[in-house]
Each structure stands twice: as C-alpha cells, then as structure tokens.
2 protein chains.
Amino acid sequence: MPSAPRPARPTLRDVAAAAGVSKSLVSLALRGDDGVAPGTRDRIVGVADQLGYRPSLTARTLKEGRSMLVGVVISSLDNPYHTEIVASVEDAAERHGQSVVLAHGSRERGRLAERVQQLLDLGVDGLVVVSSWVPDDVLVAAARRAPVVMVGRTARPVSGIDSVNNDDERGAALVVQHLTARGHERIAHVNGSRRPAGLARAAGYRAAMAAAGLSDLARVVPPDPAALAALLDDDVTAVFARNDVEACDVLDHAVDAGLRVPADLAVVGYDDTVLARRVRPALTTVQQQRDVLGARAVALLRERLDGRNDDVHEVLEPRLVVRASA
Amino acid sequence: MPSAPRPARPTLRDVAAAAGVSKSLVSLALRGDDGVAPGTRDRIVGVADQLGYRPSLTARTLKEGRSMLVGVVISSLDNPYHTEIVASVEDAAERHGQSVVLAHGSRERGRLAERVQQLLDLGVDGLVVVSSWVPDDVLVAAARRAPVVMVGRTARPVSGIDSVNNDDERGAALVVQHLTARGHERIAHVNGSRRPAGLARAAGYRAAMAAAGLSDLARVVPPDPAALAALLDDDVTAVFARNDVEACDVLDHAVDAGLRVPADLAVVGYDDTVLARRVRPALTTVQQQRDVLGARAVALLRERLDGRNDDVHEVLEPRLVVRASA
DNA sequence: CTGAAAGCGCTTACAG
DNA sequence: CTGAAAGCGCTTACAG
C-alpha cells in the first residue's frame, strides 16, 4: 500500500512566515528568552506547535559546536558485561539530553580505530571507550579532537584521557578471601587474558594467595575441558574464573564431567552479569558498580567540556555477590 | 597531569588557504571529482592530510539533507536477542558507511516515544525499531519524518512502515514437530506474553498441537517454580518456552526441583541467543536469521530513501537448532 | 580547470 | 521588544 510521500519538515523560516515575525524572534521565543513579549511568545509557540516544528539539531550543532552526541566504542556486543555498561552510559547521557552513538568493533583493532574516527567525524562531544582493544595511539589522537574516557583499564595510563574502573586487584582478593573462609586451600585461577583487567585480576589473585600462605595455582589458559581436567588432577577444589562468561564455561564443563558444584568444585566469576543469575548453580561473582561506571564516565566527559584539563582516574570499589556456586 | 588544550580542527577554508586555492576546489578535489587537474588534486590532498583535515559530517548533513545515521530503538539491552539484533544492524549499516545511534527505552512506552523523537530530531536517515513496545501512533508519526522499519512484529500492520521478522508460527510448529517425533505428547507451552511475537508463537503452538491431535497445554503464565509444579502435576514431559531467557528460567527451576533434563523434562526455547549455548544442558531452540534481519532492515531503509513508497513486509524462515535439552 | 556566490537551518551579537 | 545580518562548514550550480 503506497503511503503519502514524506512532507518537508517545517523550518524556523516557515514558522516565522506563518507567525508574521522574523526568524530571530522565533528562535528567541522558542528557546524561552525572556526578552520576548509574553503575548508574542505564546503566539509563536502556538504556531510552531501547530506546524509541528522541531528544531534541526544538525543546524544547531553546526552553529553551536556541540552535538549532544556521546560516542560509545565497544569491543563487541556479545559479552553482557559490556552491553550492560552501554545501557548505563545511555541512561546517564539521556539524563543530560545527550544521545549515544554506538560503534562496536568485533574485537578487531583496525576496525575499532576506524570506528573511532567515524564517531569523531560525526562530531560527538565526547567518547566513552568500553574496550581495551583500542590502540593507545588511537586514544591519544582521539583525545585531541574530543574528550575521551576509558571505562575499564588501559595497559598503562594514557596521557590526556580520563578513566573509571573498578579495582580488579581488590575484587580478586575478595574472591580469594571468600573461598579461604569457606575452607578452600587449593584455589585455582583460570585466566588466559592478556588484557589489562585480566592481568590485574591475576595479580590480585596472586597477592591474596600469597598473603594467605597458599600456593599459586594461576593458569594462563582458556576455560576448556582439558584445563578443568588438569585442575582436578591437581586437587583443586575451587576455581576463580576471570569473568562470568568463562565461569559459565567452567560450570558447563564441570556439569559435563559429572561434578557437583559447589560440593565437588566451587566456581566464582567476575562482573555480576545477567548470566550469573541465570545459570545453575547461580554464580558467586564480583559486582562492579555498573551504573556508577556509566554515570561517572558521562560526568567526566562533561567536566572536560567545561574546561578541566588534567587527567582524572577514578577507581570504584567492587563488591562480592555470594550465590550458590561457591 | 594537564594536557594540551584541544586545538581547533582545520576546516575547508584552512586547507584552501594553505594550498592557495578556493574552498570549492578543495571540496571538489577531496571528493575525487574528475574535473580537477591531477596535479592540483594531489597537492590539495597532500595539504589536507598534512593538516589532518577531516570533513565535518554535520556541515555535510545540513547541506545534503542526509546524515548517514541510522537510529535504532530497542526496548532494553538486557535480552541478548535484542542486543544481537543491534549488532547485526550496526554491521549492516557500517557496510554502507552509516553509523548507528542507539536509544533504549527500558520497556516503557513514554520513554520510548521520547527517544524516537530525539532520534528524529537528530536527523537520522531512518529508524530501525527493535521493540514491540513503541505505540503504533508514534510509529506512524515517525514514518512521516523518516523511513521506519520494524524488526519483529506489530500487533497489526502499521501503514507506512516496513517490517522484517521471522515466522513465529512456523518456528513454534517446528518445535512441536520435533518434540512429537521424540515421542512427547504432553507438551506444554509456557508463554505469558501479550506481545505480538508471543501471541504468534502461542498460535503456532496451538495449531501444531491440534494438527497432531494433542491436547492444548498452553499456559499464559510466567515461568516460575509454581508454574513448573503445576505442569508436572499435569504429567507434562516437555516444555516449550516463549524464548531462551524464559527457557533458562524453566531449566533453572527444573534443576532446582531435582529433575533431569531432558530425561524427566525436555525444554525448548526460542531465539538461539548466546544463552542457549551457555547453559547446561545446552538449549534446543529456534534460530531466527539474525544477520539477515539486520541486513534486510538496513536495506529496506535504503530502498525507502531511494523512493520506494509502498509497504514491504518480509518474513524469514526460522530453523530449529537441536541441542541437549530436548 | 578554477573561483565567487548562494544556501542548508540554526543562533547570536548588533542595531533600532 | 523586534529585525537584519553574519556565520557555523560544507556542496553545488553557475560563470569564466
């Protein structure tokens, strides 16, 4: 069924013509400038409504130099932790009348770099990077064009960009403390990641194990069935995985191997994603303050826009969430 | 550490001045117009590169009337099915040099309506709606401003908007056929949703059960432990949930109740999300062609932009994915 | 092959 | 209290 062709949308000039005043006056009236006579204002607003006038954000952006757009760069949309961060950034942005432009890069450096460029060309007022895969030099270059805040960790501090992340070392320590309090001594850490958050969690694990006088059973491997078998050979009674997704893998393999969790093997994750509540046994895990991460990221962007010029790195306290798996 | 203040980015005028030519010529040269002398072109391109010039998409949008932005409206980011659709739309959009602006609405009608407005004000070239919660009149109004395509179903066809979705009735029939082939006769359908996709799956289930001469065991309830207990009292041997998320709930409650899946109870989901592979036993489910959904949505938008004026509704064939749970 | 001019839809001094 | 003008950074006829 053919529908009516799209009508040209009315502009300020149309409203001005219909109201019999100048464009400037319409602009002033619509923005609520108090130098406009109340009667005139009401009449103009009425005409605008009636015409269905909506200001062009594009024109406004060109004029003002601010787009009210926040770019969000994310490695991939398949890890719930990342999408949950995106949601929290969007909530925070929306509270300030900003919109989120999303770019995901399939965990591929070249593509991520391109997408960053694309967002900058779009004129975003700031960039929230939720991916440790964006090369440092890309971040630095981006920061020359717009404020950049990293949600999570970079390998080393990158000059000119802000960051907000949870304290991964501390989170790992909370896990180890919980497991030792439950009587575990053979506690393995399965973590094949070379990403900054992964390394920090491994470091936190090692430090906590050392502090407890226990042997380091960190394994730099993916959470596959072979890895699990090797751990069992090693009399491991508890596994701390580097995140919820991999903890679920461990859980799956344990079930497949006929183990009871947590009786035969305790399993702990990290991130407290939707997965953690969804699987059985429900996952004991570490909760990053997601909403705070998003809100702070947006706030840091605004501070930069308002002129702050020194780098800020915020670190949030993680919290252990105890469920059935450990 | 204070960093260098953000430098003003170079404009066409800066490049023109540096190259000693007019703005128009720079524009022509950079866009690869063949009416520019090769030597001049190369020189201009060189100067532009060296200055780090990047065209302002905002200015271009204002001039051209196209923003290269695709708006995506999604109910919420917590159902993996929806985020996977967003990823597929973004992939498709990016292949055409378009970016995705994301708006999620927490499954709240008023908020969704606002977000749609916001996207339109931004000047998106089209809107992909991945939410059945956006009121029809909002869709109709939106379609007057930009092409709109619904990924999924509306309660009734909405004039002026395109749609692409999988055949939910057919998907439900595939499930019933699979279960009957496995010898099940007491097959329940747990589906408390009044959304169009939910209703269509229920209808497909009923029709297939009737065709097989089996009693209708549809339950319009949420997948909670009480519902499960009631089903077991009813001698149900297989449960078809309305989607993967709810199938996981059923799985969880079954495990909690000490049942073996699929020996004591077979469980089937819908959507083939990441969850389906993640849980144990892995979920038998129905796969919608996600990548195709996203690609077709973007293609339908482009067709509208290219002048198509009649409504198109595409329906894709679903496919059963058999795993361990049924 | 190149340049001057107009215009996309706004906002903001600047006059009156 | 209101209007005319300039300008944000582009692109596109139109001249030459």
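As the structure is a computational prediction, the values presented were derived from the model and not from experiment. Letters A, B, ... are given to chains in the order of the sequence lines, protein chains preceding strands, and every chain is numbered from 1.
Using a 4.0 Å cut-off between charged nitrogen and carboxylate oxygen, Arg111(A) and Asp91(B) count as a salt-bridge pair. Residues Asp14(A) and Arg9(A) are not paired through a salt bridge, judged by the lack of any N-O separation under 4.0 Å between the basic side chain and the carboxylate. Using a cut-off of 4.0 Å between Lys/Arg side-chain N and Asp/Glu carboxylate O, Arg60(A) and Asp121(B) are scored as not salt-bridged. Ion pairing of Arg302(A) with Asp125(A) is absent here, as no side-chain N (NZ or NE/NH1/NH2) approaches a carboxylate O to less than 4.0 Å. Taking a cutoff of 4.0 Å between a charged side-chain nitrogen and a carboxylate oxygen, Glu90(A) and Arg115(B) qualify as a salt bridge. A salt bridge is defined here as a Lys NZ or Arg NE, NH1 or NH2 lying under 4.0 Å from an Asp or Glu carboxylate O, and Arg304(B) with Asp311(B) meets this definition.
Between the Arg13(A) side chain and the Val15(A) main chain, no donor and acceptor come within less than 3.5 Å of each other. At distances below 3.5 Å, not a single donor-acceptor pair connects side-chain atoms of Ser99(B) with backbone N or O atoms of Leu69(B). Judged by distance alone, the side chain of Glu64(B) and the main-chain N or O of Arg66(B) form no donor-acceptor pair under 3.5 Å. Remark: the backbone N or O of Leu57(B) is paired with a side-chain donor or acceptor of Thr61(B) at under 3.5 angstrom.
Looking at which nucleotide of DNA chain C each of Leu62(B) and Gly20(B) is closest to, the 5′-most match is held by Gly20(B). Each of Ser22(B) and Lys63(A) lies near DNA chain C, and the nucleotide nearest Ser22(B) is the one positioned closer to the 5' end.
Protein chain A touches strand DNA chain C; the 5'-most and 3'-most nucleotides with an atom under 4.0 angstrom of its non-hydrogen atoms are dG9(C) to dT12(C).
Listed by residue number, Gly35(A), Val36(A), Ala37(A), Thr40(A) are the residues of residues 31-42 of chain A with a heavy-atom contact under 4.0 Å to DNA chain D.
Using a 4.0 Å heavy-atom cutoff across all strands shown, Arg66(B) reaches no nucleic acid atom at all. Here Ser24(B) lies in heavy-atom contact (under 4.0 Å) with a base. At a threshold of 4.0 angstrom between heavy atoms, the contacts of Leu28(B) include nucleobase atoms, whether or not backbone atoms are also involved.
Where DNA chain D pairs in unbroken runs of 3 or more (Watson-Crick or G-U, both distances under 3.5 Å), the stems are C:1-3 with D:14-16, C:5-12 with D:5-12, C:14-16 with D:1-3.
The closest side-chain donor-acceptor pair between Ser88(B) and Arg290(B), if any, does not fall under 3.5 angstrom.
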